[in-house]
2 protein chains.
Amino acid sequence: MTASLSDIAIRAGVSVKTVSGALHGGSARMSEETRQRIKEIAEELGYVTNFAARSMRQGWMPLVGLVADDLITSPFATEIIRGLDGAVRAADMAVFAMTLGGHRSIASILDEMRRFRPRAIAYAAMYHKSVDLPPEFADAVGVMINCRDANDRVTSLVPDETGAALEITNYLIDAGRRNIAFINLPGLLAGELRELGFRRALDQAGIDGAGAIVLPAVSKAIYSDRAHSLVATHVQALMNGPRRPDAILCGNDRVAMEVYAALRREGAAIPDDVAIASFDNQVEIASRLDPPLTTMALPHRAMGRQAAQILLAEDRAPVGVQKLPFQLVERASV
Amino acid sequence: MTASLSDIAIRAGVSVKTVSGALHGGSARMSEETRQRIKEIAEELGYVTNFAARSMRQGWMPLVGLVADDLITSPFATEIIRGLDGAVRAADMAVFAMTLGGHRSIASILDEMRRFRPRAIAYAAMYHKSVDLPPEFADAVGVMINCRDANDRVTSLVPDETGAALEITNYLIDAGRRNIAFINLPGLLAGELRELGFRRALDQAGIDGAGAIVLPAVSKAIYSDRAHSLVATHVQALMNGPRRPDAILCGNDRVAMEVYAALRREGAAIPDDVAIASFDNQVEIASRLDPPLTTMALPHRAMGRQAAQILLAEDRAPVGVQKLPFQLVERASV
DNA sequence: TTGAAAGCGCTAACAG
DNA sequence: CTGTTAGCGCTTTCAA
């Protein structure tokens with residue numbers, strides 16, 4: 001099929017070892033002339049290194065495994081892969097991603113991944129959550145991205161939800177807004193943590209936090225894109241209620257998109273009557289809304305990069321949860 | 001490190017061959033009791049098959065390589081991977097994706113992929129285009145997805161752009177529209193082919209095709225999301241011009257999103273005054289627009305599935321370009 | 001039914 | 001500086 005080192009060796013009249021050294025720059029130095037000749041023959045024969053064979057000696061393939069609960073197919077979280085891939089590539093390895101679709105268990109997919117003998121494995125979630133990693137896999141997984149192990153046995157990287165909510169709420173307050181409603185994502189860890197930050201910001205500003213309005217974006221107990229949206233109803237009620245908001249904080253950019261439509265129906269201007277801010281920075285949407293949306297960008301890219309650092313570091317990172325900051329993207333909706 | 005077959009063999013007091021047969025169901029039958037015992041020991045030792053070692057004998061890893069020009073990080077084309085992954089997984093293999101980011105050449109990334117000895121390789125493009133595959137790789141790549149080889153040496157799967165434009169235009173005509181403007185994507189193969197279908201539909205309906213209005217969505221010669229948008233300008237001009245359109249066909253859903261905003265400014269109602277239709281079906285946007293957008297869904301999933309069929313088939317598919325149909329998604333904008 | 005041995009392509013250890 | 005050899009874990013062939 002494909003040429004091997006020994007094919008080249010025969011053709012060049014040298015030993016396999018010499019060829020190996022010539023092509024992969026083993027420390028042993030050899031006459032530059034021989035090296036060049038070997039390289040030419042390799043080229044001519046269309047030689048391609050066989051990583052599987054190499055891995056038999058090394059013990060692992062030059063791979064970093066990424067097991068994701070549905071990540072690859074999620075539109076904007078692909079930034080995690082970008083960040084990871086860049087850093088992993090710099091170490092001459094490749095990212096091998098597997099998606100936990102359908103009804104496969106975490107255990108089975110991790111086992112499948114291990115068959116390929118990756119150097120390290122990361123587990124990533126599509127949205128910030130707590131994951132119950134089977135105990136026997138706690139040390140197969142080197143880092144958790146956008147999620148944390150329910151039993152805190154693995155280093156994890158998560159977005160600083162509370163901090164982000166605090167920051168964006170303060171931003172609204174600084175813009176002079178006092179009646180801020182929050183249309184949050186129900187049933188999600190992210191939503192819970194953000195509500196904390198939201199209320200804290202109001203408290204700190206001396207705004208009547210007790211009366212803070214927090215409403216769920218959908219009628220189901222757990223937010224999902226397919227659940228029946230309550231956004232239109234909420235916005236209508238808010239705008240015609242006793243305490244008209246001068247700002248609405250949205251759980252994500254899709255919710256914001258719906259809020260825009262609802263406000264338009266009420267004849268309210270953004271940001272003059274009502275300022276809008278949100279979480280995610282799903283660029284395709286956020287930058288195209290009219291006016292463009294001010295939103296807190298999730299630190300997906302940074303989590304990916306950081307994960308690579310941790311996985312490729314010589315010594316194991318101390319177990320713990322690292323919170324990465326969101327980035328405020330100022331546009332024109334506030 | 002990890003247990004090997006021989007570790008199990010020693011522990012079970014049998015030969016390696018027996019263990020291999022017991023675990024991987026080699027045709028040789030053995031006493032069910034032995035098999036069971038071996039399986040238990042394997043479990044206990046945490047045995048995980050080593051694909052690299054297996055591949056030394058088989059000649060290839062149980063992988064289908066996917067080389068993509070930027071696909072993985074593109075939001076909605078991930079459907080290609082979904083389709084591919086499902087079919088590949090059914091054959092007990094995994095998809096190994098690599099992205100051609102930065103300034104790496106196609107040749108270098110294909111070579112890198114081949115180091116892992118995948119069973120087959122697919123090349124995918126983020127948007128429908130012609131790709132100049134280096135000649136020496138023409139038979140390393142088994143199928144091209146969403147693109148075609150500039151020299152037609154590889155089987156390729158592409159969306160039927162012309163057919164889709166024909167269909168959606170006819171749909172608008174059937175809805176009684178006669179003044180249809182097309183805000184197309186300039187500089188892209190897809191746009192070119194769609195314009196063909198658009199004009200053909202008008203001709204066939206006996207509508208003055210010569211006067212058909214086709215306008216570019218951006219000011220640059222080649223469409224991109226970052227280029228300066230002309231949508232607002234065009235819509236304003238159209239709505240205040242001599243030939244007010246009663247329908248606007250958009251190059252993609254993001255363009256449609258901007259058209260919605262522009263029409264709103266003109267005080268035009270959708271679909272009563274102007275019907276809107278588009279290409280892509282970027283669900284996050286299309287289903288959330290107000291009114292929800294009628295659009296032609298790209299056959300990404302189908303291309304992925306079909307690619308797997310071709311790659312895994314015993315005999316090589318005849319070289320040629322297969323056009324896959326879009327799917328009309330009827331919502332409320334027409 | 002099971003065992004022994006060879007060999008896949010590569011690198012590391014040891015000789016020359 | 002270069003060659004020889006062993007061995008990684010697995011499957012396959014040949015023997016028992």
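Protein chains get the first letters and strands the later ones, always in sequence-line order, with residue 1 at the start of each. Both backbone and side-chain heavy atoms feed into the values below; hydrogens, waters and symmetry mates do not. Only a predicted model underlies this, so the values are computations on that prediction, with no experimental measurement involved.
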Lys129(A) atom NZ, neighbour heavy-atom count above 12 within 6.0 Å: yes
CZ (Arg11(B)) with more than 12 external heavy atoms under 6.0 Å: no
Distance below 4.0 Å between Thr18(A) side-chain N/O and dG3(D) OP1 or OP2: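 Indeed, a polar side-chain atom of Thr18(A) lies that close.
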Ser15(B) side-chain N/O to dT2(C) phosphate OP1/OP2 under 4.0 Å: no
Protein-nucleotide distance ([X], atom [atom1]; [N], atom [atom2]), rounded to Å:
| X | N | atom1 | atom2 | answer |
| --- | --- | --- | --- | --- |
| Phe116(B) | dC10(C) | CZ | P | 14 Å |
| Arg117(B) | dG9(C) | CZ | P | 9 Å |
| Ile10(A) | dC10(C) | CD1 | P | 12 Å |
| Leu5(A) | dG3(D) | CG | C1' | 15 Å |
| Leu23(A) | dT11(C) | CG | P | 9 Å |
| Arg57(A) | dA13(C) | CZ | P | 8 Å |
| Gln58(A) | dA12(C) | CD | P | 6 Å |
| Ile38(A) | dG3(D) | CD1 | C1' | 12 Å |

4.5 Å side-chain heavy-atom contact, Leu100(B) and Ile106(B):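 Sidechains of Ile106(B) and Leu100(B): in contact.
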Picking from [options], which would you name as closest to the side chain of [X]?
| X | options | answer |
| --- | --- | --- |
| Lys17(B) | dT12(D), dG3(D), dA6(D) | dT12(D) |
| Met56(A) | dC10(C), dC8(D), dG3(C) | dC8(D) |
| Arg54(A) | dT11(D), dG9(D), dC10(C) | dC10(C) |
| His24(A) | dG7(C), dT4(D), dT11(C) | dT11(C) |
| Val16(B) | dT11(D), dG9(D), dG7(D) | dT11(D) |

For Arg148(B), the option from Asp152(B), Asn151(B), Asn146(B) that meets side-chain hydrogen bond (donor to acceptor under 3.5 Å, both in side chains):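 Exactly one pass, corresponding to Asp152(B).
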Mutual orientation of the aromatic rings belonging to His24(B) and Tyr47(B) [parallel < 30°, tilted 30-60°, perpendicular > 60°]: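 Rings of His24(B) and Tyr47(B): tilted, 30 to 60°.
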Sugar-phosphate only, base, or nothing, as touched by Tyr47(B) at under 4.0 Å among non-hydrogen atoms: sugar-phosphate
Sugar-phosphate only, base, or nothing, as touched by Val14(B) at under 4.0 Å among non-hydrogen atoms: sugar-phosphate
